[in-house]
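These notes are about the structure you will find just below.
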Amino acid sequence: ALAAAAPATAVSAEDIAAQLEEGARISCLGKPWTRAAIGTAAADASTSYMPQIPAWLEGKWTVAATLKGVNLPLGRKFVTGNSPGVRMASILLLPNVGNQPEGYTQTFTKASGRKGADVLTSNCATLVETYWPGSNITAAGVNSAGSVELTFKGPPPYDQDQRTRLQPIYTASATRDDGSVFTEQVFRQENVDAAFTSIFKVVSQYSIDVDDTNKAKPQRVIQRQRVAAFADLNDQDYIEAGGQAVALYDMKYLLERA
């Protein structure tokens, strides 16, 4: 069944914003969604495919990406070939860490259910083909379990079909007094043919550009994003890492209304 719309967990803008600060420790230990990340429980029925956002952020945007930094909070010990972000497309929302493309589009919607799932599917397909030059999406959709499912081929010598299933297992959003919107989502991504699972958290801040005078329907928005990658929650490294993120990927995006 498809996941439902609104998140049940109340969270403040300050709680989410703190995770974007330098030195922040992001953990998946003992969270309400930990069992779903491990795969021993289903995602909460209130989990949505897209975070709840204000009307001014809805629509299609042209994006220019900038990498702001990569941080390994626990050192290199816990980073392996199966850590999210190391292999191409092991994080569908950041398929090639280090690439900084411009001119691609992403859509933001308040829609829930199947429509929200379709938007997430389309966004992920665009990201894979944009961030991994020469790759090609051969199939994209939402499967019977409610997961976004993509099949893609990379450029030679990676030109065999690779299947990936992405399931949001936690979603929350909040607005600060200054109007900035903060969102956080946790995803479980099954890299089927590569035979490993990626668990990662995406934290974002959206702010209307200071020079944009149309606050009701802005033309320029600045997005700060941190993707926190975790060790496999069924692996000993997860225990030794104390549930802390083993890699943090920081991005900045300029969004211009398409």
Connected via hydrophobic side-chain network under 4.5 Å: [X] and [Y]:
X      : Y      : answer
Ile53  : Met251 : yes
Val63  : Ile222 : no
Ile91  : Val192 : no
Phe196 : Val128 : no
Tyr131 : Ile137 : yes

| query | What's in the same ILVMFWY side-chain cluster as Phe78, cut-off under 4.5 Å, chained through other members? | reply |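 Under the 4.5 Å side-chain rule, Phe78 groups with Leu74, Val246.
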Is there a donor-acceptor contact under 3.5 Å linking the side chains of [X] and [Y]?
X      : Y      : result
Ser207 : Gln205 : yes
Lys201 : Gln19  : yes
Gln162 : Asp193 : no
Ser198 : Asn191 : yes
Glu190 : Thr197 : no
Asp118 : Thr121 : no

| task | Check the pair Gln100 / Thr66 against side chain to side chain donor-acceptor pair (under 3.5 Å), numbers first and verdict last. | result | CA-CA 5 Å; Gln100 303 177 90; Thr66 303; 4.6 Å; no
| Non-neighbouring partners of Asn99 that pass side-chain hydrogen bond (donor to acceptor under 3.5 Å, both in side chains), sequence neighbours left out |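 Not a single residue meets the side-chain hydrogen bond (donor to acceptor under 3.5 Å, both in side chains) criterion with Asn99.
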Residues which pass side-chain contact (heavy atoms from CB on, under 4.5 Å) with [X], listed by chain and number, not counting sequence neighbours:
X      : value
Ala37  : Trp33, Ile169, Ile199, Leu233
Ala139 : Thr151
Asp211 : Asp209
Gln236 : Ile239, Glu240

| said: According to side chain to side chain donor-acceptor pair (under 3.5 Å), does anything in residues 85-98 pair up with another residue at least two apart or in another chain? List the pairs. | reply: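 Found Asn82-Arg87.
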What residues form a ring-ring contact (aromatic ring centres under 6.0 Å, His included) with [X], not counting sequence neighbours?
X      : value
Phe230 : none
Tyr158 : none
Tyr206 : Phe108
Phe152 : none

| request: Can you sort out the partners of Glu102 under salt bridge (charged side-chain N to carboxylate O under 4.0 Å, His left out), two or more places apart, ordered by chain and number? | output: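 Counting only residues at least two positions away or on another chain, Glu102 forms no salt bridge (charged side-chain N to carboxylate O under 4.0 Å, His left out).
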| query | With distance as the sole test, does Glu256 use its side chain to make a donor-acceptor pair with the main-chain N or O of Gln219 at under 3.5 Å? | reply | no
| Going through the checks in order, is the side chain to side chain donor-acceptor pair (under 3.5 Å) test met by Tyr104 and Glu129? | CA-CA 10 Å; Tyr104 64 97; Glu129 292 188 335; over 6 Å; no
| query | Could you give the distance from CG (Asp212) to CZ (Arg257), rounded to the nearest 0.5 Å? | reply |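 That separation rounds to 9.0 Å.
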| message | Would you say that Val203 contacts Gln225 through its side chain, given a criterion of any heavy-atom pair below 4.5 Å between the two side chains? | response |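 Not touching, per the 4.5 Å side-chain cut-off.
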